[in-house]
There are 2 protein chains.
Amino acid sequence: MTDTSLTPDRILDTTEQVLRRFGPEKATVVDVARALDVSHGSIYRHFPSKAALRDAVAERWLHRVASPLQAIAAADGLADARLRRWLEALIALKRQKVRGDPEMFATYVALAHDSQGAVERHVAELLGQIKAIVDAGCADGVFLVADAAAAARAVFQATARFHHPAHAAEWNDPDIDRDFEAVWHLVLAGLKGGAG
Amino acid sequence: MTDTSLTPDRILDTTEQVLRRFGPEKATVVDVARALDVSHGSIYRHFPSKAALRDAVAERWLHRVASPLQAIAAADGLADARLRRWLEALIALKRQKVRGDPEMFATYVALAHDSQGAVERHVAELLGQIKAIVDAGCADGVFLVADAAAAARAVFQATARFHHPAHAAEWNDPDIDRDFEAVWHLVLAGLKGGAG
DNA sequence: CAGATGACAGATTTCAATATCTGTCATTTC
DNA sequence: GAAATGACAGATATTGAAATCTGTCATCTG
């Protein structure tokens, strides 16, 4: 029954395979149906449109990024070290994905671009994780900020060059790690409240 | 003679008009020649290739951004206020260009994307201007940084969301000014050396 | 009767023939 | 004779007819 019954998860798995093989431009609902050996009409029983199917693929991919970071955000230890580890993990995840399979990375970026809602939820989730670290840091006196949510956004945005897919081409720059170090220094100083 | 003789500047002016009318995909060297009422072979007397012509257009556009900022970087007054004014001017220039004529902005971004060398020189020029402000700030004791060039890069990169064309779509966000304020706070604290 | 099918209309994409463009250069113009 | 021309070869883009795709739904199947 497991490999014969058509479920959303099975459709999503197959859609990823089809996207990997044909790319986001060429992949069609008919291709997915063919790969599953069902009629394309059956896909529409589980997803109302091709766009909804792509949204779901994007959402799952974004969740695979946010999920491992959640563990870091919720860990023990000093908030400044934890924030550093969290950012390094986010950056490493993204770089790993783009280096491991650049075409698939581009595919997922294209999907995400069309699924603005999924991206917004994803960013909100990441901001929530940063805010949790900042809150903890304030409680411990490691950080000193008036508005933790605003500080979380500032940290995320100031480091955009190192994790935002629009900057992926710059991640090959040999100076990228040194650049991150310099930005991290500014960010950390700001969170510690060095200049009220 | 002035309006009959074919000069690089006249070709560049006309190329901009043609790009404005047809966009970067459709504009051809033949279109430029037609607009100038010369044969397209004559264009190749002044520019070795279509790519070189587009490079020159990009370079001129980028210079129009860097030029007014130079005055701010070289002005008197406290370095922190000057850096703030410089960043605000850079951001205002970019926003003005994208709001005033979004299609032409996209055109120039496409040209710049193909003229990596021109972009690198432009960024180096901007980094030089920031470094001059940071150097002045260090001399006055307003800033405290070990490596002014590294600090300049960090300032530029941490604020990328507010001036890098890849983020242009986000400039319509109603919270964009508040976001810049938060990032500016982090950056300023870092430059003042609050957290050694 | 829940779930799958496949034929269908309208929209989108493909493909190959046709036209245009880029860059060169021997010839022409002033 | 310096500057401009226009014909040319090979590369690129356009076009319109044919094929395919999306989304729907009446029908079928177990």
Side-chain angles (χ1 to χ4, degrees), chain A residues 1-59 103 106-107 110-111 113-118, chain B residues 1-59 103 106-107 110-111 113-118:
Chain A
M1 177 71 89
T2 305
D3 36 17
T4 58
S5 82
L6 197 56
T7 63
D9 264 339
R10 232 157 70 76
I11 295 174
L12 287 178
D13 290 342
T14 304
T15 304
E16 275 190 16
Q17 287 169 24
V18 169
L19 283 166
R20 192 177 302 275
R21 180 188 290 240
F22 298 117
E25 317 268 289
K26 308 254 187 176
T28 71
V29 175
V30 171
D31 289 331
V32 176
R34 252 199 296 270
L36 283 163
D37 201 36
V38 298
S39 74
H40 79 277
S42 300
I43 305 286
Y44 286 91
R45 178 163 298 280
H46 299 275
F47 294 93
S49 68
K50 185 185 189 180
L53 178 57
R54 290 165 63 115
D55 283 357
V57 171
E59 192 116 36
E103 288 190 31
T107 294
L111 292 192
H113 186 266
D114 295 342
S115 307
Q116 207 46 53
Chain B
M1 175 71 85
T2 305
D3 35 17
T4 58
S5 81
L6 196 56
T7 63
D9 264 341
R10 233 159 67 76
I11 295 174
L12 287 178
D13 290 342
T14 304
T15 303
E16 275 190 15
Q17 286 167 27
V18 168
L19 283 167
R20 192 178 303 276
R21 180 189 290 242
F22 297 118
E25 317 268 290
K26 308 254 187 175
T28 71
V29 176
V30 170
D31 289 330
V32 176
R34 251 199 297 271
L36 284 162
D37 201 35
V38 299
S39 74
H40 78 277
S42 300
I43 305 287
Y44 285 91
R45 178 162 300 280
H46 299 276
F47 295 92
S49 68
K50 185 185 189 182
L53 178 56
R54 291 164 62 113
D55 283 357
V57 172
E59 192 116 36
E103 287 189 32
T107 294
L111 292 192
H113 185 266
D114 295 342
S115 306
Q116 206 47 53

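Order of the sequence lines fixes the chain letters, A, B, ..., with proteins taken first and strands second; residue numbering starts at 1 for each chain.
- The two residues A27(A) and F22(A) come nearest to each other via the heavy atoms N-CB, 3.9 Å.
- Phosphate contact (OP1/OP2 of dT14(D), side-chain N/O of K26(B), threshold under 4.0 Å): present.
- For D55(A) (side chain) and A52(A) (main-chain N/O), no donor-acceptor pair under 3.5 Å exists by modelled atom type.
- One can place OH of Y44(B) at 17 Å from P of dA7(D), the figure rounded to the nearest angstrom.
- Counting atom types as modelled, H40(A) pairs no side-chain N or O with a base atom of dG6(C) as donor and acceptor under 3.5 Å.
- Note on S39(A): every side-chain N or O is 4.0 Å or more away from OP1 and OP2 of dA4(C).
- Proximity note for V38(B) (side chain, C-beta onward) versus dC21(D), dC21(C), dT5(D): the nearest is dT5(D).
- Side-chain contact between R34(A) and V30(A) is present, with at least one heavy-atom pair separated by less than 4.5 Å.
- Comparing D31(A) and R45(A) by the nucleotide of DNA chain D whose heavy atom lies nearest to each, the residue mapping closer to the 5' end is D31(A).
- Between I11(B) atom CD1 and dA4(D) atom C1' there is a gap of 12 Å when expressed in whole angstrom units.
- Annotation: of the two residues near DNA chain C, H46(A) and E25(A), the 5′-most nearest-nucleotide partner is H46(A).
- Residues L19(A) and L111(A) are in side-chain contact: their nearest non-hydrogen atoms beyond the backbone lie under 4.5 Å apart.
- Nucleic acid contact class of T28(A) (heavy atoms, under 4.0 Å, all strands): sugar-phosphate only.
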